[in-house]
Structure formats: structure tokens, C-alpha cells
Protein chains: 2
Amino acid sequence: MGEVVPRAERRRRTEGRILDAARSLFAEVGYERATIRAVAGAAGVDPALVMQYFGSKQQLFQQAVSVTPVGGEAPGADEVVEHVLGTLGVKMGRLPESSLAMLRSMLTHPEAAASARRLLGEQIDRVAGSLSGDDARLRAALLTVVMLGVTVGHQLLELEELREVPQEDLARLLRPALRALAGSEHS
Amino acid sequence: MGEVVPRAERRRRTEGRILDAARSLFAEVGYERATIRAVAGAAGVDPALVMQYFGSKQQLFQQAVSVTPVGGEAPGADEVVEHVLGTLGVKMGRLPESSLAMLRSMLTHPEAAASARRLLGEQIDRVAGSLSGDDARLRAALLTVVMLGVTVGHQLLELEELREVPQEDLARLLRPALRALAGSEHS
DNA sequence: TCGTTGAGTCAACACTTGTTGAGCGAATGG
DNA sequence: CCATTCGCTCAACAAGTGTTGACTCAACGA
């Protein structure tokens, strides 16, 4: 009855468990407070094995947060708002844990900050490509950080005013504001 | 020529230097990476003295971030947007370092998170008081986290797209969006 | 069957952290 | 002038960190 699992498969599984535990912990408490021992414990494994598989805590973190450049192609000029709403998990209930892990540490861990800047930069580029006017890039940046703020308040800080609010309500209230930022009319 | 400084004054000065150094370091690298030794070093003082004056790192942090409930009175119904723009340092070039210290650690340090939630909660209350409709509180929360996002992107992450942008430009582009959030028309 | 590989553990290292208690020396006050 | 207070430093502790090397033992290949 003991499952006979080949070695390669077995290795891949434990490596996956470690990575999952790491993502989860990084997302929950951030880089500094997520200790290798805690990750190993959550994965049911010896701390030394984590090192043997990933080399260092830093590399473990990189592997844990490395995924999905998030957004897809550049959206059409009139879908920008919907695209922006889609990013950063306001539409879906929850952001993938790897993204949460990165966002959680972006203010205190240099490497995470670099990743965040790169990710947000790409997002800004995408959005800017769908806007017109010479303020395009600046407006794209504002659209992005606005959504960042909503995400931070909602998923990281878990402000009670935003919890248990159906995502459609958030989207409905945000849409006009985002449209105002995307439009090129000046006051 | 050696300045003769009375003991009480002398104590107050070094205590101030420590507090300044602490604020600065907390704001720059966050709670975890700001070590007591580094604070003491920056203040030109022995680490033990920091403990003797403030009791613990935790209490030092609290003292360092404790100030100004930020916003003033509840704004009039039509000044809400300007009030929101004023908070979180989009109008002024830079937020006070005590606020930066708190914001820097709010995602990774439990106590800072609590402070941030409390501060943002008060801000939300103030704004909600100036809005009408039953979504008032939710819209106030969104207004607040939107500004939080701008502040994080601008002052903490220091996104290049937002740096060196005159504050009036930010305000000008944000105004219509904030107005859309403050207004009660639904789509 | 037997030597080899490699997954996984154990115990320890080197270092940094927050924190403490004894002590020095100058300002204080009578 | 002397005893005392008190700002301040020194040296050390205890705990926790990332990281390492030697070791165990089951799976593997010939």
C-alpha cells in the first residue's frame, strides 16, 4: 500500500512542496520574517534540504516570486480601463500567491523592490501604449499605482472597509475614475 | 569655547538625535533592517543608550512613528477632492519622515500594519463624512487607497515615471479621477 | 547481488540581533 | 569640597539567523 514513487518524481514533489510553503510564507509575513526553518517546517522537510535545493534564501525567494508577467498583450484603446481593472486582482478574488509574496516585501526588501519596479514598469508600458497624448506615460503610471493602492489596501492590509465587498462593486465604482485618468481631456 | 550645556538640555538633545536617526532609518529600510546598532551609530551614541532611553526596539519604533493624525477637520462636501489630494503628500513634495517610516513597514511589521490600518481608517471616516449616498464609506475607502497607491509608488517605490513630476501635474491629472470617485452617480 | 547515486537528516558553525548589568566620569547640589 | 546623581559606554549574554559538511539509507543500474 505504500506508494512506490520513483526518485525523480519524488524529488520534484518535495521541491514543489518547499516552493509552495515558501510562497505562502513570503506572501504572509514577508521576506525577513519568513525564515528558512519555518519554510522547511511547513514543507515537512529539514532546513538543510531547502539550501541544497535552492542555494540560498535569496534564490529561494526569486524562484518563489518568479512567474507570469501578469498582463497579456497591449489592450485596445477602449479596453484599457477593463484591462487595468483586470490586473492586480481586483476582478479575481485573489492575486496568485507568488505576486502577493513580491508585493508583500516590495517596500522592505531591495530585491523585491527591484522586481516590483520592473513589473509595474512593464504594466505601465503596456497601458501607455494604449493611450494617446503626451501625458500618456504619466497617466499610465497613475492608472497603475492607483490599482496598486487598491490591491495593497484590499489584499495586503486587508482594510475592513474593502473586505467582503463583491469585486463587481469595486469595479463599478472604480470604472469612472479610471476612465477619467485614461481620457486625455485636461481641466 | 566648549559649550557648557546643562544636563537636562543635553539629554533632550541626544534623545532627539536618536529619534531622528531612528525615523530616518525606519523610513529608509523598514523595521526589520533598521538595527538598533545602526540607529545608535547614526546618532553617534552607544546602542545601550537607545535601550536605556526607549526601553525596546518596539517602543522606539512607536515613538518614532507617533505623530500627527495627519488630516485636520472633516472637509466640506465640495473640498473633499482637494483634501484627499492634500493628504499623503502628493501636494507637498515629501511626507514627514515619521509617516514614511510607518508606511515603509506597514506590509511586513504587524505593529506598523495596525498603525496604518488605524490611520487609514480615520482618514476614511473623515472623507466618508463629507460624502453622500450609502456607498459613501466604500467610496471614501477607495479614495483613500487610491491616494495610498500614488504615495507608495511615488515616495516609497520611487517609480521613475512619477519622479521629477511636478506635484501640480499629479494633482491636475488625479483631480477628475478623484471627483469621479467622490461623486455619487452610478453607471 | 553489489557498488553507486542521490534524497534527506543531524549537528554544528559563524554571525547578527535585541537586550542587560556593571562601571566610568563629569555635572550637580549642598 | 565632597557625596551623589546621571548621561553614557563597555563587554557580554541568549536567542535566532543563514549556511555547511559529514552522515544515513533507500532507490537505482549493471
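Only a predicted model underlies this, so the values are computations on that prediction, with no experimental measurement involved. To find a chain, count down the sequence lines: A is the first, B the second, and so on, and within it residues start at 1.
With sequence neighbours left out, R12(A) forms a side chain to side chain donor-acceptor pair (under 3.5 Å) with E9(A). Listed by chain and number, the residues in a side chain to side chain donor-acceptor pair (under 3.5 Å) with Q63(B) amount to none (sequence neighbours excluded).
If you measure from atom CG of L49(B) to atom P of dT20(C), you get 14 Å, rounded to the nearest angstrom. Between the CZ atom of R10(A) and the C1' atom of dC28(D) there is a distance of 15 Å, rounded to whole Å. Distance R11(B) CZ to dC6(D) P: 10 Å, rounded to the nearest Å. Rounded to an integer number of Å, the gap from L25(B) CG to dG18(C) P is 11 Å. Separating the CZ atom of R12(A) from the P atom of dG8(C) is a distance of 13 Å, rounded to the nearest angstrom.
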Between N or O atoms, less than 3.5 Å apart, protein on one side and nucleotides 23-28 of chain C on the other: list the pairs.
| residue | atom | partner | partner atom | Å |
| --- | --- | --- | --- | --- |
| dT28(C) | OP1 | R7(B) | N | 3.2 |

Write down the protein N/O and nucleotide N/O pairs, taken from nucleotides 16-24 of chain D, whose separation is under 3.5 Å; answer none if there are no such pairs.
| residue | atom | partner | partner atom | Å |
| --- | --- | --- | --- | --- |
| dG18(D) | OP1 | I36(A) | N | 3.4 |
| dG18(D) | OP1 | K57(A) | NZ | 3.0 |
| dG18(D) | OP2 | I36(A) | N | 3.1 |
| dG18(D) | N7 | R37(A) | NH1 | 2.9 |
| dG18(D) | O6 | R37(A) | NH2 | 3.2 |
| dT19(D) | OP2 | K57(A) | N | 2.7 |

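Considering only side-chain N and O atoms, T14(A) lies nowhere under 4.0 angstrom from the phosphate OP1 or OP2 of dA7(C).
No donor-acceptor pair under 3.5 Å is formed between the side chain of R104(B) and the backbone N or O of V29(B). R94(B) contributes no side-chain N or O that, together with a main-chain N or O of Q155(B), makes up a donor-acceptor pair within less than 3.5 Å. Side chain of K57(A) to main chain of M51(A): no donor-acceptor pair is present (N/O by atom type, distance under 3.5 Å, no hydrogens or angles). In terms of modelled atom types and a separation under 3.5 Å, the side chain of R163(A) and the main chain of E158(A) share no donor-acceptor contact.
Looking at heavy-atom distances under 4.0 Å, Y53(A) makes contact with sugar-phosphate atoms alone, never a base.
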Sequence neighbours left out, cut at 3.5 Å: what donor-acceptor pairs do the side chains of residues 111-120 of chain A make with other protein atoms?
| residue | atom | partner | partner atom | Å |
| --- | --- | --- | --- | --- |
| E111(A) | OE2 | Q62(A) | NE2 | 2.9 |
| S115(A) | OG | E111(A) | O | 3.4 |
| R117(A) | NH1 | L157(B) | O | 2.5 |

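Residue pairs that meet the ring pair (Phe, Tyr, Trp, His ring centres under 6.0 Å) test with at least one member in residues 99-140 of chain A, sequence neighbours left out, are Y31(A)-H109(A), F61(A)-H109(A).
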